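Each ligand, and each atom within it, is numbered from 1 in the order the structure gives. Residue numbers start at 1 and run along the sequence shown. If you're wondering where the values come from, they're calculated on a predicted model, not measured in any experiment.
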Amino acid sequence: MTKALKIQEPSELLDFFEEGDQSIRFNYYPPCPQPDQVIGLNPHSDASGLTILLQVNEMQGLQIKKDGLWVPINPLPNAFVVNIGDLLEIMTNGIYRSIEHRATTNSEKERISVAAFHNIQMGRDLGPAPSLVTPESPALYKTITLEEYVEGYLASKIKGKSYLDVVRLKNEIDE
Ligand SMILES: O=C(O)CCC(=O)C(=O)O
Ligand SMILES: [Fe+2]
């Protein structure tokens, strides 16, 4: 990723994840008699660097938002889904974008997923990597502590990618 970004100082990204935190969420979606009325997990982007997701029992349910449309991500046997989270969007100054996603329910069978969130260390400042901020590409996000970001994220209502607006400096990126 640092190569793709042609980042002058790879350590500006890598150092943050070297001793980063990992957390895991197990999701269990019971079968639902009215799946068209009930969402499994509201649209959101993860407040992580990268999320590695396993769709355990190969039931469909995960959807990502692409060009304004919900696209199902069919589970593949023994395959992980890797999602970009908000922390990487901020740190790459918007070059990598976090993905909005949601989980639907179904009436057939329960669905199980496991999400492993890879985060930067607590206590670090979260902001665009300095070498990705230039006069031609000014900072699109302000720098705040990770604690501030996560506290606010957890306290806010889950609503798509709206929490990123808290740190957005200019709305230059089209959603
Ligand atoms: O169940 C899924 O496939 C998605 C889970 C998810 O987005 C999450 O735990 O953050
Ligand atoms: Fe998620």
Side-chain angles (χ1 to χ4, degrees), residues 1 13 16-17 20-122 124 126-127 140-141 144-168 173-175:
M1 201 178 264
L13 281 183
F16 280 81
F17 291 96
D21 295 314
Q22 189 186 9
S23 58
I24 299 230
R25 177 156 61 211
F26 292 84
N27 300 295
Y28 175 80
Y29 307 94
C32 173
Q34 289 182 296
D36 51 335
Q37 307 277 325
V38 180
I39 186 83
L41 191 54
N42 275 329
H44 66 283
S45 54
D46 297 335
S48 64
L50 276 183
T51 303
I52 300 179
L53 183 84
L54 181 65
Q55 308 198 69
V56 176
N57 60 343
E58 288 161 31
M59 283 300 289
Q60 202 197 74
L62 176 65
Q63 297 183 337
I64 61 163
K65 201 163 200 187
K66 189 167 187 294
D67 304 327
L69 295 174
W70 288 109
V71 180
I73 303 297
N74 292 331
L76 298 173
N78 304 316
F80 292 115
V81 175
V82 179
N83 280 336
I84 304 269
D86 294 344
L87 307 188
L88 267 182
E89 173 163 337
I90 295 167
M91 295 167 85
T92 64
N93 203 25
I95 299 174
Y96 280 84
R97 310 279 303 282
S98 64
I99 188 79
E100 186 173 348
H101 55 286
R102 67 179 186 181
T104 57
T105 53
N106 77 84
S107 56
E108 264 168 72
K109 208 173 121 181
E110 82 271 8
R111 177 170 176 272
I112 298 166
S113 69
V114 180
F117 304 103
H118 293 77
N119 296 331
I120 65 174
Q121 284 159 275
M122 281 291 173
R124 302 290 300 255
L126 170 67
L140 296 178
Y141 309 90
I144 62 173
T145 65
L146 179 63
E147 280 82 343
E148 274 177 277
Y149 191 79
V150 172
E151 237 176 65
Y153 178 92
L154 294 176
S156 68
K157 221 168 163 229
I158 297 181
K159 193 162 167 276
K161 287 185 60 171
S162 61
Y163 186 63
L164 267 174
D165 291 341
V166 170
V167 289
R168 206 185 299 280
I173 303 178
D174 296 328
E175 275 301 325

Regarding ligand 1, does Q55 bring an N or O atom to under 3.5 Å of one of the ligand's N or O atoms?
no

Within-4.5 Å side-chain heavy-atom neighbours: H44 and Y163
no

With heavy-atom distances below 4.5 Å as the criterion, would you say the side chains of D67 and L69 are in contact?
no

Are side-chain heavy atoms of Y29 and L41 found at a separation under 4.5 Å?
yes

Write out the residue and atom name of the closest protein heavy atom to atom 8 (C) of ligand 1, then the distance separating them to 0.1 Å.
R25 NH2, 3.3 Å

Can you tell if the side chain of L164 reaches within under 4.5 Å of the side chain of Y153, non-hydrogen atoms only?
no

Proximity to ligand 1 by part of F117, non-hydrogen separation under 4.0 Å
side chain

Give the residue, atom name and distance (to 0.1 Å) of the protein heavy atom nearest atom 2 (C) of ligand 1.
S113 OG, 3.3 Å

Quick check on contacts: which atoms of ligand 1 are under 4.0 angstrom from a heavy atom of L53?
3 (O), 5 (C)

Identify the closest protein heavy atom to atom 5 (C) of ligand 1: which residue and atom is it, and at what distance?
N27 ND2, 3.4 Å

Taking C-beta and beyond as the side chain, do N27 and I112 meet within less than 4.5 Å on heavy atoms?
no

Taking only heavy atoms of Y29 into account, list the atoms of ligand 1 that are under 4.0 Å away from them.
1 (O), 2 (C), 4 (C), 5 (C)

Measure from the side-chain N and O atoms of T104 to the backbone N and O of G61, and report whether any donor-acceptor pair falls under 3.5 Å.
yes

What is the closest protein heavy atom to atom 6 (C) of ligand 1, and at what distance does it sit?
L41 CD2, 3.4 Å

Which of the ligand 1 atoms, numbered from 1, are nearer than 4.0 Å to a heavy atom of A115
9 (O)

Metal environment of the Fe ion (ligand 2), protein N/O/S under 2.8 Å
H44 NE2, D46 OD1, H101 NE2

With the side chain counted from C-beta on, respond yes when F17 and L50 share a heavy-atom pair under 4.5 Å apart, and no when they do not.
no

Heavy atom of the protein closest to atom 3 (O) of ligand 1 (residue, atom name, distance):
R111 NH2, 2.8 Å

Kindly check if the number of other-residue, nucleotide or ligand heavy atoms within 6.0 Å of CG (N78) is above 12?
no

Mind checking whether T51 contacts ligand 1 via backbone (N, CA, C, O), side chain (CB onward), both or neither, at a 4.0 Å heavy-atom cut-off?
neither

Measure the shortest side-chain to side-chain distance between F16 and L126 over non-hydrogen atoms and say whether it is less than 4.5 angstrom.
no

Side-chain donor or acceptor of N106 paired with backbone N/O of K109 under 3.5 Å
yes

Going by heavy atoms in the side chains, are P75 and M59 under 4.5 Å from each other?
no

Answer yes or no: does atom CD of E108 have more than 12 heavy-atom neighbours from other residues, nucleotides or ligands under 6.0 Å?
no

Between R102 and ligand 1, which part of the residue brings a heavy atom under 4.0 Å of the ligand: side chain, backbone, both or neither?
neither

